[in-house]
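Data block below; observations after.
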Amino acid sequence: MISKPFTARAHTNIALIKYWGKKDKQLILPMNSSLSLTLDRFYTDTEVYFDSDLKQDLFYLNEEKKDAAKVAHFMDLVRSKSELKAFAHIKSTNHVPTTAGLASSASAYAALALAASRAAGMQLSLPELSRLARRGSGSASRSIYGGFVEWQRGHDDLSSFAVPIEENTDWNICMIAVVIDKARKKISSRVGMQQVVETSPFYPAWIKSAEHDLTAIKKAIKERNLKKVGEITEENAMKMHALNMSASPHFSYFEPATIEVMHLVELLRSEGICCYYTLDAGPNVKILCSVEDSKEILKRLAVKFDKKQLLIAHPGPGVQLINKK
Ligand code: PMV
């Protein structure tokens, strides 16, 4: 038996209010709610079909056979929810420039959640898809929707999922990704956030402050106040990175060039350009700004960075099924 194949496309997202810490490692329930912007430029296409002749799941990424252990764990979850017990062929293509260093588990698990559930004969609602994607990677719960998205932390498996804040935003904003290092992260987000939860004396303050930032940024988004959204975004990211520096052992994702970009953004701001940075579990910097200002910012970045290191993205759509070519 071979099931009908389904192919899904999901875009990556960048958190403006970060998810940094789990309350439940198995269910992937976060300590705090988070909020992100889904981007148009970077996405993953994933095709899934089940095959009763297979002895295990087979996983291909960009046409290369990969170790399927993590993906198989996720597929077990899909199988446990459906009637279908066969193993699957899973083929993913990451549409992120190979030099980007931005490959994201968010788009990967959001696309896999939709393709695998449909191939298994399930028609999950968007909140159900978000809950399923969450089990692959927390941030994937948010890539189910486009535009601005909030992942409501909830208190159990049923109540922890993402909701759209503004799916089809007509706001003329963008994010410039400055790619500093495309190597794999030295400390994965899973290990980094756990170390922080267990050892940072500032962790309780983070939870309180992140909830406060979330309320404030939702208001600022509604008011189309880029200055306010940017300030909250940048400060929230710095609080997350301060947690890393206060963990034991302490760690940091910053490279010298990371700080150089941060200083340039601050300089541009002092010249009256409205731009703000955010950083995730790696040294690359993402700059939030208006489309109008992006040209000048790119020009200034191009003095120090190669064109290939500068990628511009706009708000993107939620997960969708696509026709196979
Ligand atoms: O979803 P994960 O396990 O890759 O963790 C994502 C963590 C951050 O990117 C740093 C923050 C976020 O909310 O996306």
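Counting starts at 1 for both ligands and their atoms, following the listed order. The analysis underlying the following values was restricted to heavy atoms, covering all of them including side chains, and did not include hydrogens, waters or symmetry mates.
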Partner of S143 by side-chain hydrogen bond (donor to acceptor under 3.5 Å, both in side chains), out of T38, T44, N13: N13
What are the atoms of ligand 1, with element, lying closer than 4.0 Å to any heavy atom of S139? 1 (O), 2 (P), 4 (O), 14 (O)
Is E166 salt-bridged to R224, going by a charged N under 4.0 Å from an acidic O? yes
Close N or O approach (W20, ligand 1; < 3.5 Å): no
Can you confirm, on distance only, whether ligand 1 has an N/O atom lying under 3.5 Å from any N/O atom belonging to N13? no
Taking only non-hydrogen atoms of S189 and a 4.0 Å limit, the atoms of ligand 1 in range are 2 (P), 3 (O), 4 (O), 5 (O)
Checking contacts here: is it the side chain or the backbone of R190 that comes within 4.0 Å of ligand 1, counting heavy atoms only? Could be both or neither. neither
Looking at K299 and E296, is there a salt bridge between them, counting it only when a charged N and a carboxylate O are closer than 4.0 Å? yes
Relative to each other, are the rings of Y253 and W20 parallel, tilted or perpendicular (30° and 60° limits)? perpendicular
Subset of ligand 1 atoms that lie under 4.0 Å from at least one heavy atom of G138: 1 (O)
Between K239 and E234, is the closest basic N to carboxylate O distance under 4.0 Å? no
Ligand-residue contact atoms, ligand 1 with A15, heavy atoms, under 4.0 Å: 12 (C), 13 (O), 14 (O)
Suppose I only count heavy atoms of M193 and a 4.0 Å limit; which atoms of ligand 1 are within that range? 5 (O)
Give yes if a backbone or side-chain nitrogen or oxygen of S34 is under 3.5 Å from a nitrogen or oxygen of ligand 1, and no if not. no
Check the orientation of W151 and Y19. Use parallel for under 30°, tilted for 30 to 60°, and perpendicular for over 60°. perpendicular
Answer yes or no for S105: is there a heavy-atom contact with ligand 1 below 4.0 Å? yes
Would F74 and Y109 count as a close aromatic pair, with their ring centres under 6.0 Å? yes
Given H11 and D40, is the side-chain hydrogen bond (donor to acceptor under 3.5 Å, both in side chains) satisfied, shown in steps? CA-CA 6 Å; H11 290 73; D40 63 347; over 6 Å; no
Looking only at distances, can you tell me whether any N or O atom of K18, backbone or side chain, sits closer than 3.5 Å to an N or O atom of ligand 1? no
Below the 3.5 angstrom mark, is there an N/O of R142, backbone or side chain, next to an N/O of ligand 1? yes
